Amino acid sequence: MEFPDKISIANLPTKIEKLEKFSLDNHYNIWIKRDDQTGLEFSGNKIRKLEFAIKEAMDENADVLITCGGIQSNHARTTAAVAAKVGLKSHLVLRGNEVDVSEGNLFMDKMFGAEITFVSEDDYTNNRSEIMNSIKEDLSNKGLKGYILPEGASNVIGSFGYINAYDEILSQEEALGVIFDAIVLSVGSGGTYSGLFYGNLLRKGNKDIIGMSIYGTEDHFREISTNLIKDIGKFTGEYFDVNKKDIIVNDKYLGLGYAKSTKEEVEFIKSFSKSEGIILDPVYTGKAMYGLYKELNDGNINKYNNILFIHTGGIFGWTKEARSLIWK
Ligand SMILES: *Cc1c(COP(=O)(O)O)cnc(C)c1O
């Protein structure tokens with residue numbers, strides 16, 4: 001099977017390291033794949049998806065990349081950064097109000113010259129496609145071509161980023177002399193998870209792909225992922241009929257909800273940083289690693305020899321509000 005073409009912007013392959021102290025403390029072999037180091041401006045998992053999606057946009061002669069997300073969306077920031085890099089414009093539809101002092105991802109969106117439309121929670125939930133379509137139409141009236149990326153670039157073309165990453169992991173296993181029998185990652189819109197899941201089916205990998213939801217229930221992701229995996233199959237011709245119950249997305253670690261942290265989560269992230277020299281973000285990877293830690297300690301995960309955790313990035317999620325919890 002041939003993958004679609006992509007542009008090459010990310011620093012790949014990202015390295016895999018063993019979490020020495022965390023493994024010792026938890027009596028387990030836990031490794032981490034540093035997808036937080038795919039680059040500075042476009043750090044994290046989204047760039048892998050965008051390498052494929054933006055190639056498609058460029059092939060279609062797009063002038064403007066249109067996408068959406070929360071006000072601190074990593075995906076929106078990555079889109080703005082890549083647009084600047086490849087000489088396109090970007091227009092972001094962000095959920096929330098313009099804030100006086102913009103920071104984190106919003107600050108970066110502005111640095112990259114993104115045009116931003118702020119919309120209410122309600123409009124975001126119910127009308128974001130219409131809003132993006134009308135932006136595309138306005139552009140078209142001005143003789144410009146817009147290309148719409150869905151939330152998180154979690155569509156078929158974006159998923160190739162992690163089908164590809166799966167192959168990268170297989171070749172790293174060989175180099176390291178390790179077989180990972182489980183891959184654990186944070187799940188937000190489901191594209192990263194579905195790409196890895198599809199890669200595992202395609203290569204008959206026999207790994208458990210375990211998601212930790214930071215937004216949405218297990219049922220929600222069973223629906224999203226089985227559909228996306230079917231759509232990927234229709235696109236590639238290598239079709240897999242996935243049973244919903246094979247999708248493992250743990251929804252026990254949502255905590256206070258999207259982009260809200262509990263004291264325990266923040267304390268965990270702090271102690272993890274101190275022992276490993278690796279910073280996790282409060283919105284995605286901190287919750288996912290905390291979930292993995294809890295599951296290991298509760299004895300719910302114990303059948304694996306080597307677990308690979310994907311660090312999907314998100315450093316700019318340490319906004320003032322999130323940072324303030326560290327001092328409390
Ligand atoms: C978007 C994101 C995720 C989740 O990826 P999805 O493909 O949307 O499920 C995880 N971690 C970070 C840091 C992200 O920005």
Side-chain angles (χ1 to χ4, degrees), residues 4 6-7 9-10 38-39 41-96 98 102 104-121 123-140 144-162 187-192 194-195 215 224 228 258-259 283-284 312-314 316-317:
K6 69 179 188 83
I7 53 171
I9 287 188
T38 44
E41 293 81 359
F42 19 74
S43 54
N45 60 338
K46 301 306 181 312
I47 185 62
R48 286 191 187 264
K49 306 170 176 196
L50 290 180
E51 283 193 331
F52 286 93
I54 288 168
K55 175 73 170 91
E56 184 177 86
M58 292 168 83
D59 287 349
E60 291 177 12
N61 293 314
D63 304 294
V64 184
L65 303 174
I66 305 165
T67 197
C68 62
I71 200 155
Q72 284 296 339
S73 165
N74 294 314
H75 162 69
R77 177 254 309 162
T78 307
T79 304
V82 184
K85 180 94 178 169
V86 302
L88 300 177
K89 291 191 159 54
S90 58
H91 192 145
L92 313 175
V93 174
L94 301 182
R95 181 186 60 219
E98 175 134 36
S102 72
N105 285 308
L106 185 57
F107 162 74
M108 302 208 19
D109 296 342
K110 292 193 172 173
M111 292 291 275
F112 295 127
E115 186 164 340
I116 303 175
T117 300
F118 293 95
V119 300
S120 68
E121 175 97 42
D123 264 347
Y124 187 86
T125 310
N126 301 310
N127 307 320
R128 64 174 181 269
S129 294
E130 287 82 349
I131 294 168
M132 288 194 287
N133 278 322
S134 83
I135 291 170
K136 188 175 172 181
E137 238 175 79
D138 288 350
L139 286 168
S140 158
L144 293 171
K145 182 149 189 191
Y147 176 94
I148 297 179
L149 297 117
E151 189 178 62
S154 286
N155 57 358
V156 170
I157 188 78
S159 303
F160 279 95
Y162 274 86
V187 177
S189 59
T192 305
S194 304
Y215 188 74
I224 299 256
L228 187 48
Y258 179 69
V283 182
Y284 292 95
T312 40
F316 304 113

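Here, residue 1 is the first one in the sequence, and each next residue gets the next number. Remember, predicted model here, so these are calculated numbers, not experimental data.
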State, to 0.1 Å, how close [X] and [Y] come at their nearest heavy-atom pair, and which atoms those are.
X	Y	result
Phe118	Ile71	CE2-CD1, 3.8 Å
Ala81	Phe42	CB-CD2, 3.8 Å
Leu228	Gly191	CD2-CA, 4.1 Å
Pro4	Phe52	O-CE2, 3.2 Å
Leu65	Ala57	CD2-CB, 3.8 Å
Pro150	Asn155	CD-ND2, 3.5 Å

Checklist entry - Going by heavy atoms in the side chains, are Ile9 and Ile54 under 4.5 Å from each other? => result no

Checklist entry - Just wondering, do Leu88 and Met58 contact through their side chains at under 4.5 Å, heavy atoms? => result yes

Who passes salt bridge (charged side-chain N to carboxylate O under 4.0 Å, His left out) against [X], sequence neighbours left out?
X	result
Asp123	none
Arg95	none
Lys6	Glu51
Lys55	Asp59

Item to check | Within 45° cone and under 6.0 Å: Lys46 NZ/CZ vs Tyr284 ring | outcome: yes

Let me have the donor-acceptor pairs involving side chains of residues 129-138, under 3.5 Å, with sequence neighbours excluded, atom names and distances please.
residue	atom	partner	partner atom	Å
Asn133	ND2	Ser129	O	3.2
Ser134	OG	Ile131	O	3.2

Checklist entry - Can you list every side-chain hydrogen bond (donor to acceptor under 3.5 Å, both in side chains) pair that touches residues 78-88, not counting sequence neighbours? => result none

Among all residues two or more places apart in sequence or in another chain, which pass the side chain to side chain contact (heavy atoms under 4.5 Å, CB included) test with [X]?
X	value
Glu115	His91
Glu60	Glu56, Lys145, Tyr147
Ser154	Lys49, Ser189
Phe107	Ser102, Met111

Item to check | Flag, side chain of Tyr124 to backbone of Gly69, donor-acceptor distance under 3.5 Å | outcome: yes

Next on the checklist: Closer than 3.5 angstrom, by distance alone: can the side chain of Thr312 be matched with the main-chain N or O of Asn45 as a donor-acceptor pair?
Outcome noted: no

Distance from [X] atom [atom1] to [Y] atom [atom2], nearest 0.5 Å?
X	Y	atom1	atom2	value
Asn127	Ser120	CG	OG	8.0 Å
Thr192	Arg48	OG1	CZ	10.0 Å
Phe316	Gln72	CZ	CD	10.5 Å
Ser90	Asp109	OG	CG	7.5 Å

Checklist entry - Would you find more than 12 non-hydrogen atoms of other residues, nucleotides or ligands less than 6.0 Å from Tyr215 atom OH? => result no

Item to check | Counterpart residues, side-chain hydrogen bond (donor to acceptor under 3.5 Å, both in side chains), relative to Asn105 (two or more places apart) | outcome: Asn74, Arg77

Next on the checklist: Test of understanding: with side-chain hydrogen bond (donor to acceptor under 3.5 Å, both in side chains), list the residues that count as partners of Asp63, not counting sequence neighbours.
Outcome noted: none

Checklist outcome for this item: Of Arg128, His75, Glu151, the one forming a side-chain hydrogen bond (donor to acceptor under 3.5 Å, both in side chains) with Thr67 is His75

